[in-house]
A.B. asks: 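Can you keep this structure in mind? I'll have questions shortly.
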Amino acid sequence: MELLEGVWAYLGSRAFLDGAVNTMKLTLVSQIVAVLLGFIIALAKMSRWKLLQGLAASYIWIFRGIPVLVQLIFVYTALPQFGIRLTGFQSAFVALALNEAAYMAEIVRSGLASVGKGQHRAANALGMNSWQRMRYVVLPQAFRVIVPPTANQFIGMLKTSAMASVVGYTDLLLTAQQTASANFDYVDTLIAAVIYYLAFTALFTLVQTYLERRMDITRSRTRKPRLFSLMKRGKSIL
């Protein structure tokens with residue numbers, strides 16, 4: 001009972017709430033930027049120009065081949081020698097976003113490549129230009145492939161963001177460590193941090209499930225006959 005009271009007190013404390021907000025902020029910002037960069041890198045790797053293909057492939061090779069912790073420490077400690085000084089949050093954001101973009105590029109590329117060439121030819125036959133073909137034909141189908149692994153990457157980014165504590169960013173883990181060092185209460189503080197991480201993971205999982213259900217073709221196909229049936233019987237579907 002005493003343990004539960006201690007954990008509950010830390011969960012509602014201002015320090016832990018701030019740490020949880022900082023963790024979520026770093027995760028969301030880094031992952032969103034990584035998705036955008038990954039999309040650009042994927043298009044470069046799929047382009048007809050060999051130079052762009054080579055640059056994209058080199059980027060993916062470098063950032064996937066080096067541990068993210070090494071990249072984080074490099075950004076925080078090595079860049080100041082070139083006159084670039086970043087805060088803990090800025091260093092973590094740059095390192096995590098650049099590293100994650102390499103993984104997102106491969107996810108986006110696999111999604112775009114999953115759309116058959118027949119779909120492209122059909123769009124061309126309808127007179128669509130490149131943007132219209134991408135907007136109305138390729139992306140809606142590619143998203144069904146891209147969304148599930150991207151949601152998994154969000155969860156992975158949430159856990160990877162704990163490395164930001166190494167460069168002094170006051171995230172959830174660093175808050176727990178500092179509180180435990182001050183109070184010598186390692187069990188309660190770490191349990192409180194774990195509960196926050198599990199809650200965030202559950203939230204991302206719910207979003208992932210919702211998006212997958214919305215993009216499920218078989219589900220929408222089985223739902224249409226029921227809608228038409230209800231409309232024929234004069235029942236409101238609202």
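All values derive from a computational prediction rather than experimental measurement. Because only heavy atoms are used, hydrogens play no part in the values below, and waters and symmetry mates are left out as well, while side chains stay in.
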A.B. asks: If the plane angle is over 60° it's perpendicular, under 30° parallel, otherwise tilted; pick one for Phe89 and Phe93.
C.D. replies: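 Ring orientation of Phe89 relative to Phe93: parallel.
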
A.B. asks: Between atom CE of Met157 and atom CG of Asn99, what is the distance when rounded to the nearest 0.5 Å?
C.D. replies: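 Reported to 0.5 Å precision, the distance equals 7.5 Å.
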
A.B. asks: Answer with yes or no whether the hydrophobic clustering places Leu96 together with Leu86; edges join I, L, V, M, F, W, Y residues whose side-chain heavy atoms lie under 4.5 Å apart.
C.D. replies: yes

A.B. asks: Would you check if the side chain of Ser110 reaches a backbone N or O of Ile107 as a donor-acceptor pair within less than 3.5 Å?
C.D. replies: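 Indeed, once roles are kept as given, a pair shorter than 3.5 Å links the two residues.
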
A.B. asks: Any side-chain heavy-atom pair from Asp18 and Thr170 closer than 4.5 angstrom?
C.D. replies: no

A.B. asks: Taking Ser30 for the side chain and Thr27 for the main chain, is one N or O donor matched with an acceptor at less than 3.5 Å?
C.D. replies: no

A.B. asks: Which atom names give the shortest non-hydrogen contact between Tyr59 and Ala101, and what distance separates them?
C.D. replies: OH-CB, 3.7 Å

A.B. asks: What are the two closest non-hydrogen atoms of Ala113 and Met46, and how far apart are they?
C.D. replies: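 Result for this residue pair: N-CE, 4.2 Å.
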
A.B. asks: Got a donor-acceptor contact below 3.5 angstrom from the Tyr103 side chain to the Phe63 backbone?
C.D. replies: no

A.B. asks: Compare all side-chain heavy atoms of Gln208 with those of Asn152 and state whether any distance is below 4.5 angstrom.
C.D. replies: yes

A.B. asks: When you compare the side chain of Thr209 with that of Arg213, does any pair of heavy atoms fall below 4.5 Å?
C.D. replies: yes

A.B. asks: For the residue pair Phe204 and Phe154, does the interplanar ring angle fall in the parallel (under 30°), tilted (30 to 60°) or perpendicular (over 60°) class?
C.D. replies: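 Answer is tilted, since the angle falls between 30° and 60°.
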
A.B. asks: Do Met104 and Thr150 touch side chain to side chain, with heavy atoms closer than 4.5 Å?
C.D. replies: yes

A.B. asks: Identify the two heavy atoms, one from Met24 and one from Leu203, that lie closest to each other, and give their separation to 0.1 Å.
C.D. replies: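 Between these two residues, the closest heavy atoms are CE-CD2, 4.3 Å.
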
A.B. asks: Mind listing the closest non-hydrogen atom pair of Ala193 and Leu172 along with its distance?
C.D. replies: O-CD2, 3.7 Å

A.B. asks: With the 4.5 Å side-chain cut-off for hydrophobic clustering, are Val194 and Val187 part of the same group?
C.D. replies: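 Val194 does not cluster with Val187.
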
A.B. asks: Begin from the C-alpha positions of Glu100 and Gln153 and carry the test side-chain hydrogen bond (donor to acceptor under 3.5 Å, both in side chains) through to its verdict.
C.D. replies: CA-CA 8 Å; Glu100 184 67 14; Gln153 291 297 117; 2.4 Å; yes

A.B. asks: Would you find a donor on one side and an acceptor on the other, under 3.5 Å apart, between the side chain of Tyr169 and the backbone of Asn22?
C.D. replies: yes

A.B. asks: To the closest 0.5 Å, what do you measure between CE (Met163) and OG1 (Thr160)?
C.D. replies: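 Taking CE in Met163 and OG1 in Thr160, the distance rounds to 5.5 Å.
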
A.B. asks: For Asp171 and Ser165, which heavy atoms make the closest approach, and how far apart are they?
C.D. replies: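 Reported closest heavy-atom pair: OD1-CB, 3.6 Å.
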
A.B. asks: Could you walk me through whether Val137 and His120 pass the side chain to side chain contact (heavy atoms under 4.5 Å, CB included) test, one step at a time?
C.D. replies: CA-CA 8 Å; Val137 178; His120 291 266; over 6 Å; no

A.B. asks: Does Gln53 use its side chain to pair, donor to acceptor, with the backbone of Ser47 at less than 3.5 Å?
C.D. replies: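 Answer holds: yes.
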
A.B. asks: Within a strict 4.5 Å, meaning less than it, do heavy atoms of the Leu112 and Val138 side chains meet?
C.D. replies: yes

A.B. asks: Has Gln132 got a side-chain atom pairing as donor or acceptor with Asn129's backbone, closer than 3.5 angstrom?
C.D. replies: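 Yes, the answer is positive, given that a donor and an acceptor are paired below the 3.5 Å cut-off.
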
A.B. asks: Side-chain heavy atoms nearer than 4.5 Å, only ILVMFWY residues, links allowed to pass through others: does that put Leu36 and Ile40 together?
C.D. replies: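 No, no single cluster joins them.
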
A.B. asks: Which atoms form the tightest heavy-atom contact between Gly111 and Ala142, and what is the distance?
C.D. replies: O-CB, 3.4 Å

A.B. asks: Answer yes if Leu52 and Val108 sit in the same cluster of Ile, Leu, Val, Met, Phe, Trp and Tyr residues linked by side chain heavy atoms under 4.5 Å apart, and no otherwise.
C.D. replies: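 Different hydrophobic clusters.
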
A.B. asks: Kindly check if the number of other-residue, nucleotide or ligand heavy atoms within 6.0 Å of OH (Tyr197) is above 12?
C.D. replies: yes

A.B. asks: What's the verdict on side chain to side chain contact (heavy atoms under 4.5 Å, CB included) for Leu69 and Val166, showing C-alpha distance, side-chain angles and the deciding distance?
C.D. replies: CA-CA 9 Å; Leu69 182 59; Val166 174; 4.0 Å; yes

A.B. asks: Measuring from atom OG of Ser161 to atom CG of Leu173, what distance do you get when rounded to the nearest 0.5 angstrom?
C.D. replies: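 It is 9.0 Å, given to the nearest 0.5 Å.
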
A.B. asks: In terms of hydrophobic clusters joined by side-chain contacts under 4.5 Å, are Ile60 and Val68 together?
C.D. replies: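 Yes, Ile60 and Val68 fall within the same hydrophobic cluster.
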
A.B. asks: Would you say that Leu72 contacts Val167 through its side chain, given a criterion of any heavy-atom pair below 4.5 Å between the two side chains?
C.D. replies: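 They are in side-chain contact.
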
A.B. asks: Once you round to the nearest 0.5 Å, how far does CD1 of Ile191 lie from CG of Leu198?
C.D. replies: 11.5 Å

A.B. asks: If you count heavy atoms of other groups shown closer than 6.0 angstrom to OH of Tyr136, is the number above 12?
C.D. replies: no

A.B. asks: Counting only heavy atoms not in Lys25 (residues, nucleotides, ligands), do more than 12 fall under 6.0 Å from its NZ?
C.D. replies: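 Correct, the count exceeds 12.
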
A.B. asks: Say whether, by atom type as modelled, one donor and one acceptor occur between the side chain of Thr179 and the main chain of Ala176 under 3.5 angstrom.
C.D. replies: no

A.B. asks: Is the backbone N or O of Ala102 less than 3.5 Å from a side-chain atom of Glu106, with the two atoms forming a donor-acceptor pair by type?
C.D. replies: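 Side chain of Glu106 to backbone of Ala102: no pair is present.
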
A.B. asks: Any chance you could measure Ser58, atom OG, to Lys45, atom NZ, to the nearest 0.5 Å?
C.D. replies: 10.0 Å

A.B. asks: Do Trp49 and Leu55 have side chains that approach each other closer than 4.5 Å (heavy atoms only, starting at C-beta)?
C.D. replies: no

A.B. asks: Drop me the distance from Leu11's CG to Ile195's CD1, to the nearest 0.5 angstrom.
C.D. replies: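 Rounded to the nearest 0.5 Å, the CG-CD1 separation comes to 4.5 Å.
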
